[in-house]
Number of protein chains: 2
Amino acid sequence: MFQNAPLQGSNAERSRHQNRQAVLGQIHRQGTMGRAEIARALSLSTQAVSNIIADLSGDGLLIERGHLNVGRGQPARQYALNPKGGFALGIEVRPDAVLSALLNMEGQAVVTKRVALQKTDPGTIVDTVKTLFHHALADVPNARRRMLGAGIVMPGPFGATGITGHGTGLEDWCDVDPTTLFSDALGLPVEVSNDANAAAMAERLSGAAQDLSTYAYLYFGAGLGLGLVSGGHLVQGAFGNAGEIGHIPAPGCRDNLESALSRSSVQRHLQRVGKKGDDIEALDELFTHEDNDLYDWLNQATEALAYAVTIVENIFDPETVILGGAMPDQILNHFVAHTLLPAQSVSNRPNPKLPRLQRGTSGRMTATLGAAALVLHRTLSPQIAHAH
Amino acid sequence: MFQNAPLQGSNAERSRHQNRQAVLGQIHRQGTMGRAEIARALSLSTQAVSNIIADLSGDGLLIERGHLNVGRGQPARQYALNPKGGFALGIEVRPDAVLSALLNMEGQAVVTKRVALQKTDPGTIVDTVKTLFHHALADVPNARRRMLGAGIVMPGPFGATGITGHGTGLEDWCDVDPTTLFSDALGLPVEVSNDANAAAMAERLSGAAQDLSTYAYLYFGAGLGLGLVSGGHLVQGAFGNAGEIGHIPAPGCRDNLESALSRSSVQRHLQRVGKKGDDIEALDELFTHEDNDLYDWLNQATEALAYAVTIVENIFDPETVILGGAMPDQILNHFVAHTLLPAQSVSNRPNPKLPRLQRGTSGRMTATLGAAALVLHRTLSPQIAHAH
DNA sequence: CGGATTAACTCAAATAATTTGAATAATCAA
DNA sequence: TTGATTATTCAAATTATTTGAGTTAATCCG
């Protein structure tokens, strides 16, 4: 899945493709830009950019947005991404439900939907995904022709590994290659990833990591996940299972990090004292009422979090660590405010430009949005070309 | 140093450059190849490859190596890298000495040297490095014109961080930018990295990782370092300090992983019982005589190593973890053989193609060779182009 | 107010790399 | 010996780029 593909040489056609992507990406990062400005940013001639913009406008990917006047000289005609120029489907498969989001080119969700699942075999899930796709298409005129691809998020780890304890609920999926399965079913190019990785990309598309290129994302999902972004690209590992930080044993934790720092952890903790902590609303409620049992959990979870951050900072040296996922914002804020970050860390700098730990801002559907973000990322940033 | 540089667009000239690099890299990986074979591998026309090969041969980077006959059809003229076509200087700066190695295009060391240091201020070290460079040039005719660049390895972490405890011995270097310093002094393009990262690349150039693209390298240097290679490229972190695994506190370790698993750790342990473990030879000797005190250390070190591997596997999901650095091969072998690898890991696969933990094979000068390998890597693999 | 300056953009030609297609060369196999 | 196969070369076509001159539209400044 992530093998050492041989690199491709370049020719005129592939240069054009790369330059188109570069122009789109540049405009995406900046919002709106003029031809000459783009040319300077990409070290291309204005003429080349002009040609490419004509192309992209013709394809409906760019729209003009008036003129910008910054002093002397002819005002620059500004271009922006056409929100309706392209769409990306994001699908999140959970053991109990499938979520979908259709994002436009600007990264805004135009349709979202959730369907509960009775069975989790590949057939059922593929059918559900197909239905969700057709629903989304029905709501958005012309989206069919403008689909850029689909991103699928599934609970990891992928393939047969030593991690079996927690049961992902998707046991029938061992021998299936999800990429070709969904690609054939939807008739779209497909990217598959796990929840934490996708969430990390969601945060880059429209959240706290918009201007970051090297950061880590700690994600509360089924367990505790980690998404690593280096130089703007996901670090997925050799088999797509990078970031399984939850399974690391930690000092002071019963079993591993996940056993002290995850949704199941807090749920178990509250269950023992006869309280309900199944959903985000319940946790939010408890936190608002300063529930003592929840605070007990928070105290030991904060220690586990400090340890997780220590590992991530020293191994990966990110610009910042972002915290997000299936937790109430209040609790995430509590973590950010009350976690005692280790002094013994390469990230403990004298005058940091960014907080070492911050809360993600892309909301509850992070992973679903992230699935679509994977697709947008591919179309907006020039990739090293691989053969086949 | 590792900021989010904007991407560059492509044009004919830059395509040629990229294709030249791709051809060189392809030949490097394969040993020798014919034009048509290269064309297929890179999805280029044979004519394009023919032109590029004429170019590269003219520049002295390729040499012809006879004909290869594989059945019907005209035999293909084979090309290989010209070992004397390019050289890379590797420099390793330690608190007590500076080491140098001049590698040819094939990655073989043609000159190596070591100079002890009295002082470690930038001026002294730059002078030493200059002298080593000129010595190397004097020994190899025509190397001056054919220098591809220099790689410098220095003990991390770089910049002001929370890691101060162990004292790198290079305190005067806080406010110096080593890249421009050495680049100006040597008149060469320079890459700066830490020892573990460089060692990881050495292993890829000519060691155990030649056919791997995503792996981790645990390195015994001053402390315990980690080099991460993802998709053939180093993961260096936002500030170049990725891989400081030694500073992570671990269950069962006095202070952190490094305090149980490093040269200083074994040295301290042996010192307490009045034995000498300062250099590799002494450790080798003790191991050969099955010294009980050394074995005591090994037992607890093996546990620390198991934990380090757990972290690395679950966070990074590598194809394999390679163990190397300043330890006798015997001891590294002992670690590989006797470390109880965790079952709770994404790397615990049913039918692994590679051992999860293996010993590096690039010998004692790994980091110095790795410094030069950074330069060769840059010239042999097409990079995403960045502006400026 | 009006000419000089500045900057963005366009047009047409030049350029530099590629691909394409036909021709040639060298080997194997029947 | 002849036909099939594969590698390579040559010359022309192609495709993207850059270059340079010219146009447009704004600000600056006397």
Side-chain angles (χ1 to χ4, degrees), chain A residues 7-24 26-27 30 32-59 62 64-80 382 385 387, chain B residues 7-24 26-27 30 32-59 62 64-80 382 385 387:
Chain A
L7 295 159
Q8 238 188 7
S10 175
N11 61 20
E13 190 187 339
R14 300 200 272 251
S15 283
R16 166 71 92 169
H17 180 76
Q18 182 181 330
N19 289 347
R20 275 179 60 126
Q21 287 196 134
V23 168
L24 284 175
Q26 195 65 35
I27 294 178
Q30 202 95 357
T32 78
M33 291 181 91
R35 294 160 151 80
E37 194 184 357
I38 297 170
R40 282 189 299 267
L42 300 178
S43 309
L44 289 172
S45 63
T46 37
Q47 187 55 54
V49 173
S50 235
N51 296 337
I52 291 164
I53 283 188
D55 243 47
L56 292 170
S57 301
D59 292 352
L62 290 182
E64 220 178 305
R65 271 238 199 284
H67 297 234
L68 181 69
N69 219 315
V70 276
R72 247 183 235 197
Q74 176 171 343
R77 261 192 267 169
Q78 296 299 104
Y79 290 87
Chain B
L7 294 160
Q8 238 188 8
S10 175
N11 60 21
E13 190 187 337
R14 299 199 272 253
S15 284
R16 165 71 90 165
H17 180 76
Q18 183 182 328
N19 289 347
R20 276 179 58 125
Q21 286 195 135
V23 168
L24 284 175
Q26 196 64 36
I27 293 178
Q30 202 95 354
T32 78
M33 292 181 90
R35 293 158 150 83
E37 195 184 356
I38 297 170
R40 280 188 300 264
L42 300 178
S43 309
L44 289 171
S45 63
T46 37
Q47 187 55 54
V49 173
S50 235
N51 296 336
I52 291 164
I53 283 188
D55 243 48
L56 293 170
S57 302
D59 291 353
L62 291 182
E64 221 179 304
R65 271 235 201 284
H67 297 235
L68 181 68
N69 222 315
V70 276
R72 230 181 256 203
Q74 175 171 341
R77 263 192 265 169
Q78 296 299 104
Y79 290 87

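Just so it is clear: chains get the letters A, B, ... in the order the sequence lines come, proteins before strands, and each one is counted from 1. Not measured: the values here are computed from a predicted model.
- Mapped onto DNA chain D by nearest heavy atom, A:Thr46 and A:Glu13 fall at different nucleotides, with A:Glu13 at the one closer to the 5' end.
- A straight line from CG of B:Leu68 to P of D:dA7 spans 10 Å, rounded to a whole angstrom.
- Between B:Arg14 atom CZ and D:dT15 atom P there is a gap of 22 Å when expressed in whole angstrom units.
- Looking at heavy-atom distances under 4.0 Å, B:Ser15 makes no contact with the nucleic acid at all.
- When rounded to the nearest whole Å, the span between CG of B:Asn69 and C1' of D:dT5 equals 12 Å.
- Residues B:Arg14 and B:Gly9 share a closest heavy-atom pair of NE-O, 2.9 Å.
- Remark: A:Glu37 pairs with no residue by the side-chain hydrogen bond (donor to acceptor under 3.5 Å, both in side chains) rule, at least two apart or across chains.
- Taking atom CG of residue A:Asp55 and atom P of nucleotide D:dT15, one finds them 13 Å apart after rounding to whole Å.
- Listed pair A:Arg20 / D:dA16 fails the phosphate criterion, with no side-chain N or O lying under 4.0 Å from OP1 or OP2.
- Atoms CD1 (A:Ile52) and P (D:dT15) sit 16 Å apart, rounded to a whole Å.
- Nearest approach of A:Tyr79 to A:Ile27, heavy atoms of both residues: O-CG2, 3.7 Å.
- Atom CG of A:Leu44 and atom P of D:dT19 are 11 Å apart (whole Å).
- Atoms CD1 and CD1, from B:Ile38 and B:Ile53 in turn, are 4.0 Å apart once rounded to the nearest 0.5 Å.
- The bend of the helix from C:dC1-D:dG30 to C:dA30-D:dT1, defined by the angle between the axes of its first five and last five pairs, stands at 0° to the nearest 10°.
- Mapping heavy-atom proximity under 4.0 Å, the span of DNA chain C touched by chain A runs 5' to 3' from C:dT5 to C:dT19.
- OP1 or OP2 of D:dT15 has not a single side-chain nitrogen or oxygen of A:Asn11 nearer than 4.0 Å.
- The interatomic distance linking B:Gln18 (CD) with D:dA16 (C1') rounds to 14 Å, in whole Å.
- Around the CD atom of A:Glu13, the shell of radius 6.0 Å holds no more than 12 heavy atoms that belong to other residues, nucleotides or ligands.
- Phosphate contact (OP1/OP2 of D:dT17, side-chain N/O of A:Arg16, threshold under 4.0 Å): present.
- Both A:His67 and A:Val49 lie near DNA chain D, and the one whose nearest nucleotide falls closer to the 5' end is A:Val49.
- Atom-to-atom, CZ of A:Arg35 to P of D:dT24 comes out at 16 Å; the value is rounded to the nearest Å.
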